[in-house]
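Please read the structure below before turning to the comments.
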Number of protein chains: 2
Amino acid sequence: MSFEHPDRNSLDISAVLHALSDPQRLGMVAELAMSDEPRPCGSFAPGISKSTRTHHFRVLREAGLIEQWKEGTCKMSRLRREDVDARFPGLLDSVLSSQAVAQV
Amino acid sequence: MSFEHPDRNSLDISAVLHALSDPQRLGMVAELAMSDEPRPCGSFAPGISKSTRTHHFRVLREAGLIEQWKEGTCKMSRLRREDVDARFPGLLDSVLSSQAVAQV
DNA sequence: CACAAAGTTCGACGATCGTCGTATGATGCC
DNA sequence: GGCATCATACGACGATCGTCGAACTTTGTG
């Protein structure tokens, strides 16, 4: 029922950077950052298959970037912004702002 | 003679994050950031082979993180801090400060 | 209960990665 | 010139990655 969510203090910079280095995942994180509301998995990355999406969400979750929980048949996701900011101050901001520029 | 050094404006966030996501390369970048002096390649990452070192330096260079040039038989490396900061403000600082904490 | 919807699991695949050793170049010094 | 030093080029290897489809589970709804 509960999934693997690494503790705030055990976040690994290499895992975080690797998780963010994939354009697909970076796009997901950017979407999560824009709308502060949790969102079901299915509403992301419409071009890829369900299993690939599951894989990307697991990478993000195991890196500690997102939190996930089930609600009915949906799985919700939320960016762990406070935790990431506490451990790596400024990182998410700089990555996301560069992403925002790229999307204009 | 001259190597591939991407233009400041063509730096790719995914390539940069991927380049930094390897612990070996992150260590090299951290060393380069600490001593502002250019350093020969051979003085890095003493545990790994020469060819692996060459490979890592190429990844860093092609991502636009470092600049390299030859001096005699040595090849010098320098962090392209201004360029990276201009393109991705705050990124290098946050990554390097987390790295510094980890090394204490 | 039967069915639909949302995710997961399980191979599988080609591509890329990190690492190595050996051979090869380029440069400086005796 | 001969030799040592520093780095590159070229496979090669096992490991990981991103992607997929098919089968399955879980949950809600008729």
Side-chain angles (χ1 to χ4, degrees), chain A residues 1-6 12-32 37-78 99, chain B residues 1-6 12-32 37-78 99:
Chain A
M1 174 60 72
S2 180
F3 310 98
E4 180 182 347
H5 284 102
D12 177 30
I13 182 70
S14 292
V16 168
L17 293 175
H18 169 248
L20 293 174
S21 74
D22 182 87
Q24 212 74 254
R25 288 192 292 262
L26 184 52
M28 295 176 177
V29 170
E31 281 196 55
L32 275 174
E37 298 295 309
R39 287 178 44 189
C41 285
S43 64
F44 291 88
I48 68 179
S49 75
K50 287 192 299 180
S51 34
T52 302
R53 204 155 33 210
T54 296
H55 165 68
H56 284 319
F57 273 112
R58 178 172 44 212
V59 173
L60 290 174
R61 171 165 40 84
E62 293 181 352
L65 283 164
I66 66 172
E67 178 190 4
Q68 293 191 291
W69 67 95
K70 287 200 89 171
E71 275 185 22
T73 96
C74 288
K75 193 168 195 177
M76 311 301 278
S77 296
R78 190 187 65 87
Q99 173 74 354
Chain B
M1 174 59 72
S2 179
F3 311 99
E4 180 183 347
H5 284 102
D12 175 31
I13 182 68
S14 292
V16 168
L17 293 175
H18 169 248
L20 293 174
S21 74
D22 182 87
Q24 212 73 254
R25 288 193 291 260
L26 184 52
M28 296 175 175
V29 170
E31 282 195 55
L32 275 174
E37 298 295 309
R39 288 179 44 189
C41 284
S43 64
F44 291 88
I48 68 179
S49 76
K50 286 192 299 180
S51 31
T52 302
R53 203 154 35 210
T54 297
H55 164 67
H56 284 319
F57 274 111
R58 180 173 42 212
V59 173
L60 290 174
R61 171 166 39 85
E62 292 181 353
L65 283 164
I66 66 173
E67 178 190 4
Q68 294 191 289
W69 66 96
K70 288 199 88 171
E71 275 185 20
T73 96
C74 288
K75 192 168 196 176
M76 311 301 277
S77 296
R78 191 187 65 86
Q99 174 74 353

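Proteins come first, then strands; the chains are lettered A, B, ... in the order of their sequence lines, and each starts at number 1. If you're wondering where the values come from, they're calculated on a predicted model, not measured in any experiment.
- For the pair A/Glu71 CD and C/dG7 P, the interatomic distance rounds to 11 Å; values are reported in whole Å.
- Taking atom CH2 of A/Trp69 as the reference point, atom P of C/dT8 lies 14 Å away to the nearest angstrom.
- Each of D/dG28, C/dG7, D/dT8 was ranked by its minimum atom distance to the side chain of A/Thr73; first place goes to D/dG28.
- Separation of atoms CE (B/Met28) and CG (B/Leu60) is listed at 7.0 Å; rounding is to 0.5 Å.
- A/Lys70 has no side-chain polar atom (N or O) that falls below the 4.0 Å cut-off from OP1 or OP2 of D/dT26.
- Two residues, A/Gly47 and A/His18, neighbour DNA chain D, and the one matched to the more 5' nucleotide by heavy-atom proximity is A/His18.
- In this model, the phosphate group of D/dT19 is not approached by any side-chain N or O of A/Thr52 to a distance below 4.0 Å at OP1 or OP2.
- Distance, B/Arg58 CZ to C/dG18 C1': 12 Å, rounded to whole Å.
- Between A/Ala63 and A/Ala19, the closest heavy-atom pair is CB-CB, 3.9 Å.
- The distance from atom CD of B/Glu62 to atom C1' of C/dT16 is 14 Å, rounded to the nearest whole Å.
- Distance A/His55 NE2 to C/dG11 P: 17 Å, rounded to the nearest Å.
- In terms of phosphate contacts, A/His56 brings a side-chain nitrogen or oxygen within less than 4.0 Å of OP1 or OP2 of D/dT19.
- Remark: B/Leu26 CG to B/Glu31 CD distance equals 11.0 Å, nearest 0.5 Å.
- For the pair B/Phe57 CZ and D/dA9 C1', the computed distance is 17 Å after rounding to whole Å.
- OP1 or OP2 of C/dG7 has not a single side-chain nitrogen or oxygen of A/Gln68 nearer than 4.0 Å.
- Both B/Val59 and B/Ser51 sit near DNA chain C, but only B/Val59 has its closest nucleotide nearer the 5' end.
- Partner B/Leu65 forms a side-chain contact (heavy atoms from CB on, under 4.5 Å) with one of B/Val59, B/Leu20, B/Leu32 and no other, that one being B/Leu20.
- Rounded to whole Å, the distance from NZ on B/Lys50 to C1' on C/dC20 is 12 Å.
- OP1 or OP2 of C/dG18 lies within a sub-4.0 Å distance of a side-chain N or O belonging to B/Arg25.
- Atom CG in B/Leu17 sits about 16 Å away from atom C1' in D/dC17, given to the nearest Å.
- Contact of the B/Gln68 side chain with the B/Arg58 side chain is not registered, since no non-hydrogen atoms from C-beta on lie closer than 4.5 Å.
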